[in-house]
Every structure is written in structure tokens, then in C-alpha cells.
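Only one structure is covered here, and it is reproduced in the block below.
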Amino acid sequence: MKRTITLIVLIAAILVPTYATAQRRAPQSGMSLSQFKAPAAAPLLAEEEPIMDVPEGTLHDNMYASSFAYGLGWGDIYIQNVDGGIGKVVEGTDGNLYIYNPISQGYIWFSILPWIKAEPAGDGKFVVKLPQLYIIDVGDPYYAYCMHYDEDEGMPVVEEEGEIEFTWQDGVLTQLGDKFIGLCDATADWFYMADQHIVYTPQTDEPLIMTDDEYYIQSYTMTYLSDPTDLTATRNCIVDVIIDGEDIYMGNLNNNNATAFIKGTLVDGKATFPTRQYLGVDAYYNGHIYVLTGDAFVDTETYGTPVFNYNLNDEIVFTVDEEARNIVAEWPASMITNVGPNTLSIISDYVAPGLVALDEYPATPAMPIFTEGDVTVNENAGWAVLHFTIPTEDVDGYRLNENKLYYNIYLDDQVFTFDPETYIGLSTAMTDIPYKFEDNINFDIYMSNGRHTVYLYTTEFATVGVQSIYTAGGEVNRSDIAYVTNPLNPSGVDEVATGKQVSDTRYYDLTGRELPSAPATGLYLQRVDYSDGSSTTIKVLK
């Protein structure tokens, strides 16, 4: 596999962390400890293994986790009250209790998360004996250590050995005392991450799932303020709306909970949505996601730079013009997708949102775009990585509904299916990949700044292609396939399918005008004709 546990991201080296206030933006998963400081290497004992698989026993899944946490950010040690993390507990068949991810709720979240063991101590109590091997990240071991707060140091300090007690009663896990569970390297050097006052409770909230089998779902373009230094600057996204008498629903407010809706009431042209509505679990943020409401203000003091901040309230009110198909909330009214319902840990914020109905029509999507160097093949490791852009316009330049846009990957002339045995972040096999889909477990499929990245666990192909698919207006329409050759076999285009040969190669600009040769720079089309009468067209950016 291309990674052990985390997705490594290139950042500037962190030298001396400083203290900061609680994080306002929700941290994302998939980071590596090696980004922050070099670990002290030490050999693992042969019998040492972190607990990464779900232990045997009775699983209490998707619990609601809270704690008080120290965390390491981009150059800062921060502290925060963690609210809405994902907790799990297994009552082991061996009599032990296993606790999922107790030291990661408020800071760096690994792609695959570990468990620690708690041994029975009688009267509903369990003891976590520390240190325990916690995780292996990029080949280096990290341990859970017991820590206590030191007044002179002004921070937690590591204990060589220690114990932390929990109670497990009526499905609720509660830490006793004030000790911390902290993350350290192999020499017990603290990584500035530690939790205390850990509590896991059953999650009783359920997401409201709506489907087009039961309701007419209308897509709307939602425009909202995006820059606290310029209140005329906006961004937009596409959301779903259902109007059913005096009930109104809004969905697609968080990419990883696309089918979950919030519910409001529609009376006298006013749509009112209560706060703290639950969307479900988002593995990317390792949290339970809620939609909060509040009044925005430009905060120039708290974080040293202007940001939108919020006075949370009980509801947001929109003015609805059903004839014009507009739904508008005036400044400072805002909606926030958030980890947990009580403390700001923001995923997305929609300031003064205004919605306009999006008319959908059958359309042919524009062809995907490869740029030079967008296919990398590691023959020794047996995998390849693709980078490409899926345009969100049709062939005539009109905007498409991204929620109805998909793509296929082709190896040579065969469409590729991603199977869950190979792609461990998938729960089912996938051929048609939704435009916004991301694998938040192993990061085999993800999008960044509008560019898609896909890993393939094979190098046995001569060409690789991407095709866009648009499902709107009762039709399914496909783009041309954008192909590029395997860079380890640049002549592989001659060997597609059953050995067919290239008969001609031509170059065109985007208006269709034929060019005498491939341009040195810019975007152009390359058409390859084969001896069997077939052809492929590649969009190239140099």
C-alpha cells in the first residue's frame, strides 16, 4: 500500500510550539506526526502491536465523546473543550474493556484510529495501565502515557508509569480523576497531545434522511458571504430543498452527509429552521455533525486577524418567495455545520445565505482535464496516482449541478470498478464516483482545490482515462473520455486493446481549429486515430 496509516502532507517544519486558545475550525483527519517533529526512533519489541482492529466482544458504536484536550496545531499548542467526537467501547470477550481513540478527539486525527485496553478493577471500574503502544505512524511507534498537570511547568508532564480509572455503567464511559492520557514517542517525549475528563455517552440523535423516492427535491444555488474584510465577496454551493406544505427541508449542507436534511416550518412566507439539528457522522472530521444557527459579526480581536465569529441563537429565519423561487436570510443571520452542538468547531459557515432555484436540464458535461505530469506510476510498489479536473460546466459553458455529476475511470478501454477489498475506505464497490466523493479512511480518492486525486493499485495499463457523467432532467449524458498514456510506457498508446496501431495524430485548439503541431504552452486537444478506425481525444495543458 502507498501509506501505512496517515496521509503525509508537505508543510513547513514546526520548531517551537506556543500556546493558543481553543481551535475554532474543526481539524481534519489524515495528518502525520512526522509533520510536526522528528520522532525518536526505537525498536519495537516483537510482541508489541497496537490495537487497530475492533476487539472481539460487544461493540458500542458511534458514541458521543467529550473531553478537555491539549493539541498540537500549526505551530501552537492549543487547549479546548472537545464536544461531539466519535467514541466507541468494546466489552471484550476476555473481560477487558477497550476504548477507541481516547487521545485524538481535539487535534490530529489519524486515518485509522486505535484502541487502548482497560482491565477490570471491580465495582464497574476499569483501569488503563500505561504506557501502552498506541499507534505506528510512518513506521515509528507512539505510546499512550499517563500524565499529570504540573503547576511549575504550566502543562502536563509524563509519568514513567501510571494508571487511569474509568467507570462503565449503563453504557456510559466516564474517566475518574484529573490525569491525562498523552501521546509520546518511543523515548516518552510528549507530542503536546493529551486528554482528561473523557466521557463517552450513547448518541441518541438521528439524522433526517430524505430521498427523491418520496419527495420532490429541488436544487438551489446558495450564495453566502465569504470574506470578513469584504462583505461584498461571496461564494456559492448547491443545496437541496423540499417544500411540503408548511414543512420545508434543506439538505446537502455537508459533503459527507449529503442525504441528511434539516427541517423547518414555512408560515406566511417565512421559513424558520431551529438550531442544533443533527446531520450524522463525518469520518473526515471524526465527529458528530450538527447545523447551528447564529448571528455573524466580524471579529478582529480573538484570533489576531479578521474572521467571521458568531453569537449562537435558537433559529434562522428566511424570507421565501415561492413565485420567484428565492429563499433569503439577511445579514447577520448564518448557518454553521459544526462538530458537536455546543462549542464552535466549524466545518463550513454560511453567512447571510441566499438561495435561488437551479433549473435542471439534460446536458452533456465537458470533458475532464489532465495536465502534463498528472499520472505517476510506481512500478516497484505496484500503484499509480492520477490527478485531474472535472469541469462543473457543460460543453456550452453552463453550470451543472455538482450533486448530479459523476465520473468513471478507464484502464485502456475498460471501465474500472473500485472494490472494498482493495479500497479499504469504501463500504461497497463503486464504478460511478460522485463528483464530491472522498475516501476519508485511506485517502485513495479525494479532492483538493478542485483537483481530484485517485490511487490505482495496478500499473498494468497502457492508457488511463476519465469520463464525466451527468444525471439530470431524466437523462444520463456522458462526456468524451480524456485519455493519457502510462508514463512508463509512452508508446503504449500504440498498444491499446488488441495491438491496434496509431494511424494519425492531430492537434486542435478549443474552438476546434486544427493546429500544425502541439503548442509549446497552453490548453489544446490531441486526437489520436487508430488503424481500426477508432480514436481518442486527450485534453492537454502545458
Ignoring hydrogens and geometry, is there a side-chain-to-backbone donor-acceptor pair from Asp185 to Tyr142 under 3.5 Å?
no

According to the salt bridge (charged side-chain N to carboxylate O under 4.0 Å, His left out) rule, which pairs have a member within residues 353-365, sequence neighbours left out?
Arg325-Asp359, Glu360-Lys404

Asn408 side chain near Asp432 side chain, heavy-atom distance below 4.5 Å:
yes

Nearest heavy-atom approach of Ile209 to Ala260 is CD1-CA, 3.9 Å

For the CG atom of Leu405 and the OG atom of Ser479, what is their distance to the nearest 0.5 Å?
9.0 Å

Using every non-hydrogen atom in the two residues, find where Pro368 and Ser468 come nearest and quote the distance to one decimal.
CG-OG, 3.4 Å

Please assess Thr417 against Thr431 for the test side-chain hydrogen bond (donor to acceptor under 3.5 Å, both in side chains), listing each intermediate value before the final yes or no.
CA-CA 5 Å; Thr417 296; Thr431 301; 2.8 Å; yes

For side-chain hydrogen bond (donor to acceptor under 3.5 Å, both in side chains), just list the numbers for Asp189 and Thr187, CA-CA rounded to whole Å, side-chain angles, deciding distance to a tenth of an Å, and then say yes or no.
CA-CA 5 Å; Asp189 189 15; Thr187 61; 5.3 Å; no

Checking side chain to side chain contact (heavy atoms under 4.5 Å, CB included) for the pair Val385/Leu456: CA distance, chi angles, key distance, verdict?
CA-CA 6 Å; Val385 59; Leu456 301 172; over 6 Å; no

Hey, is the main chain of Gly397 close enough, under 3.5 Å, to the side chain of Asp394 for a donor-acceptor pair?
yes

Test ring-ring contact (aromatic ring centres under 6.0 Å, His included) applied to Tyr220 - qualifying residues, sequence neighbours left out
none

Atom CG of Asp230: over 12 foreign heavy atoms under 6.0 Å
yes

Got a sec: does the CZ of Arg235 have more than 12 other heavy atoms crowding it under 6.0 Å?
no

Can you tell me if Gln132 and Tyr143 form a side-chain donor-acceptor pair at under 3.5 Å?
no

Exercise: identify the closest heavy-atom pair between Pro207 and Gly280
CB-N, 4.1 Å

So does Pro487 get a backbone contact from the side chain of Thr485, meaning a donor-acceptor N/O pair under 3.5 Å?
no

Assess whether atom NZ of Lys117 is packed by more than 12 heavy atoms of other residues, nucleotides or ligands within 6.0 Å.
no

I would like to know whether Tyr100 and Trp115 meet ring pair (Phe, Tyr, Trp, His ring centres under 6.0 Å); could you show each step before the answer?
CA-CA 4 Å; Tyr100 174 80; Trp115 303 73; 5.2 Å; yes

Only residue of Asn338, Thr337, Asp282 satisfying side-chain hydrogen bond (donor to acceptor under 3.5 Å, both in side chains) with Asn254 is Asp282

Under the rule for side-chain contact (heavy atoms from CB on, under 4.5 Å), what residues qualify as partners of Thr58, not counting sequence neighbours?
His60, Glu91

Any donor and acceptor pair, going by atom type alone, linking the side chain of Gln203 with main-chain N or O of Asp205 inside 3.5 Å?
yes

Testing Phe416, Phe388, Tyr435 for ring pair (Phe, Tyr, Trp, His ring centres under 6.0 Å) with Tyr407, which one passes?
Phe388

When you measure from the side chain of Asn378 to the backbone of Ala384, do you find a donor-acceptor pair of N or O atoms at a distance under 3.5 Å?
no

Separation between CD1 of Ile390 and NZ of Lys436, rounded to the nearest 0.5 Å:
14.5 Å

Does the side chain of Ile262 come within less than 4.5 Å of Leu253's, by heavy atoms?
yes

Does any non-hydrogen side-chain atom of Phe370 lie less than 4.5 Å from one of Val466?
yes

So CD1 of Ile433 and CD1 of Ile469: to nearest 0.5 Å the spacing works out to 9.0 Å

Pairwise distance CD(Glu393) to CZ(Arg399) - rounded to 0.5 angstrom
8.5 Å

So how far is it from Cys184 SG to Tyr192 OH, rounded to the nearest 0.5 Å?
10.5 Å

With sequence neighbours excluded, residues passing ring-ring contact (aromatic ring centres under 6.0 Å, His included) with Tyr290:
Tyr278

With a 3.5 Å distance limit and no angle check, can you tell me whether His288 reaches the backbone of Met63 through a side-chain donor-acceptor pair?
yes

Determine, stepwise, if the pair Val281 / Ile289 fulfils side chain to side chain contact (heavy atoms under 4.5 Å, CB included).
CA-CA 6 Å; Val281 167; Ile289 310 306; over 6 Å; no

Quick check: are there more than 12 heavy atoms from other residues, nucleotides or ligands sitting under 6.0 Å from CD of Gln414?
no

With side chains defined as the heavy atoms from C-beta onward, is the minimum distance between Met222 and Met335 less than 4.5 Å?
yes

Residue set satisfying ring-ring contact (aromatic ring centres under 6.0 Å, His included) with Tyr423, at least two apart, ordered chain then number -> Phe418, Tyr457

Asn62 and Lys88 side chains, donor-acceptor separation under 3.5 Å
no

Beyond-backbone contact of Val241 with Ile217, side-chain heavy atoms, under 4.5 angstrom:
no

Test item: Met250 and Leu355 side chains (from C-beta on) under 4.5 Å apart, heavy atoms
yes

Apply salt bridge (charged side-chain N to carboxylate O under 4.0 Å, His left out) to Arg451 and list each qualifying residue two or more places apart in sequence or on a separate chain.
Asp374

Candidate pair Thr221 and Asn236, rule side-chain hydrogen bond (donor to acceptor under 3.5 Å, both in side chains), full reasoning
CA-CA 7 Å; Thr221 299; Asn236 61 65; 6.0 Å; no

